[in-house]
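We count ligands from 1, going down the list as the structure has it; atoms in each ligand are counted the same way. Sequence positions, counted from 1, serve as the residue numbers for this chain.
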Amino acid sequence: MRDVSISKSEFVEGEKAVTKLQDFQEDPELFRYCALPQILKYVECFTGPNIMAMHTMLINKPPDTGKKTSRHPMHQDLHYFPFRPADRIVCSWTAMEKVHRQNGCLVVLPGSHHGTLQEHDYPEWEGGINKMYHGVRNYDPDHPRVHLEMEKGDTVFFHPLLIHGSGMNQTKGFRKAISCHYASSDCYYIDVKGTTQENISNEVKELAAKKYGVDDTISFQDTWALRGRLVQGQRTSM
Ligand SMILES: O=C(O)CCC(=O)C(=O)O
C-alpha cells in the first residue's frame with residue numbers, strides 16, 4: 001500500500017512511498033514472526049490451541065508530508081473480518097523500533113472492546129485518506145485515550161472490537177511495526193450482506209477481482225480463507 005499524498009508526489013518514489021506491506025504469508029522470513037512461540041503463547045489464551053494467522057502486515061508509517069495522511073483513523077479491526085466469534089480473534093502488534101507520540105504510536109480507547117461493531121467509512125480528511133483506511137463514524141471524543149509508547153520488540157495484544165488508530169509521523173524516520181491477526185481455526189464465516197460491513201466487503205471483492213484477475217464470484221469470505229495459514233493445531237473450520 002502506498003501513502004496517498006506521497007504516491008501522488010513527483011519527488012518520492014519506490015519504497016519510500018510504501019506505507020504498508022500486507023499479506024506476507026508467502027514470505028518465509030516475515031512469516032516467521034507469526035509462528036514465534038513467544039507470541040503464540042499469549043495468542044493461545046484468546047484463540048485456544050487451533051490457531052490461524054489470518055492477516056499479516058508490516059507497517060512502515062512514513063514521515064508525514066504535511067497533509068496528515070500518515071494518520072490511521074480510529075477503527076475496529078472486526079469491521080474487516082467476516083468471521084466470528086470476536087472473542088476468538090486477537091491482534092499482536094510488535095514495535096520494530098521505539099514508537100512514541102512523535103512518530104505516531106498506537107492510540108487506543110480502553111474498554112471500547114466491550115461495545116459493539118460500529119459503522120465505518122472513509123473520514124472526510126482534507127489532505128486525503130489512504131485506501132481501506134475506514135474509520136468509526138461516531139465515537140465519543142471524550143472517551144479516555146491511551147497512547148501506547150513502546151520500546152523496540154514490545155508487543156501489544158488486542159481485541160478486534162477495541163477502537164484504535166495511530167497518529168501522524170512527525171519525524172523524518174519510517175515508524176515500523178509488524179503485526180498479525182490470529183483467529184481460532186474453529187471460528188466460522190458469516191454473511192455480511194445487509195450489515196455495516198457491506199461497504200468494506202464490496203471494496204475488498206473489487207480489489208481482489210482486479211488484483212488477481214478473477215471475476216466477481218470471489219466472496220469476501222474467500223479472500224480470507226485464501227490468505228489464512230495454520231500456525232498451530234488443526235485447521236478445523238476456517
Ligand atoms: O500501525 C498503525 O499505525 C495502525 C495499524 C492499524 O491499526 C491497522 O492497520 O489496522
Side-chain angles (χ1 to χ4, degrees), residues 1-6 17-25 30 33-34 39 53-65 67-83 86 89-110 112-113 117-118 120-123 125 127-137 139 145-171 173-183 197 199-200 203-204 207 223-224 227:
M1 292 176 65
R2 289 171 201 285
D3 178 273
V4 62
S5 68
I6 301 179
V18 174
T19 189
K20 199 188 257 194
L21 286 180
Q22 291 217 91
D23 304 328
F24 58 66
Q25 66 277 2
L30 290 178
Y33 167 77
C34 303
I39 298 276
M54 297 301 291
H55 184 217
T56 51
M57 290 189 289
L58 194 150
I59 309 141
N60 184 45
K61 192 192 271 290
D64 200 87
T65 58
K67 295 201 179 286
K68 301 186 180 171
T69 51
S70 65
R71 289 178 296 172
H72 199 129
M74 299 301 275
H75 64 283
Q76 295 167 300
D77 291 335
L78 195 67
H79 174 62
Y80 297 88
F81 303 149
F83 41 90
I89 304 170
V90 67
C91 177
S92 73
W93 189 103
T94 301
M96 293 174 73
E97 60 200 296
K98 195 174 169 67
V99 295
H100 42 72
R101 290 186 73 161
Q102 287 69 35
N103 64 5
C105 64
L106 289 178
V107 188
V108 306
L109 305 190
S112 54
H113 65 290
L117 183 60
Q118 307 287 309
H120 286 62
D121 216 332
Y122 283 111
W125 285 351
I129 174 82
N130 287 325
K131 193 126 182 73
M132 303 274 173
Y133 278 26
H134 290 196
V136 177
R137 267 182 187 271
Y139 63 89
R145 291 169 174 238
V146 174
H147 289 87
L148 303 184
E149 297 203 318
M150 296 162 66
E151 296 297 328
K152 179 176 179 168
D154 281 354
T155 299
V156 60
F157 297 89
F158 59 92
H159 191 279
L161 282 170
L162 184 77
I163 300 180
H164 67 287
S166 64
M168 204 169 33
N169 181 358
Q170 300 177 72
T171 69
F174 288 77
R175 192 231 65 191
K176 287 187 171 56
I178 189 164
S179 151
C180 181
H181 285 96
Y182 298 92
Q197 292 178 262
N199 58 355
I200 190 66
E203 207 175 322
V204 168
L207 192 81
T223 67
W224 286 107
R227 281 179 281 177

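When His147, His113, His75 are each tested for a ring pair (Phe, Tyr, Trp, His ring centres under 6.0 Å) with His164, only one passes: His75.
Between His120 and His79, the gap from one ring centroid to the other is short of 6.0 Å. Between Tyr122 and His134, the ring centre distance stays below 6.0 Å. Aromatic rings from His181 and Phe81 are positioned such that their centres are separated by under 6.0 Å.
Listed by chain and number, residues touching ligand 1 at under 4.0 Å (heavy atoms only) are Lys20, Met57, Ile59, Lys61, His72, His75, Asp77, Trp93, Leu106, His164, Ser166, Arg175.
To the nearest 0.5 Å, atoms CD (Gln197) and CG (Leu78) are separated by 5.5 Å.
Under the side-chain contact (heavy atoms from CB on, under 4.5 Å) criterion, Arg71 pairs with Lys68, Trp125, Met168, sequence neighbours left out.
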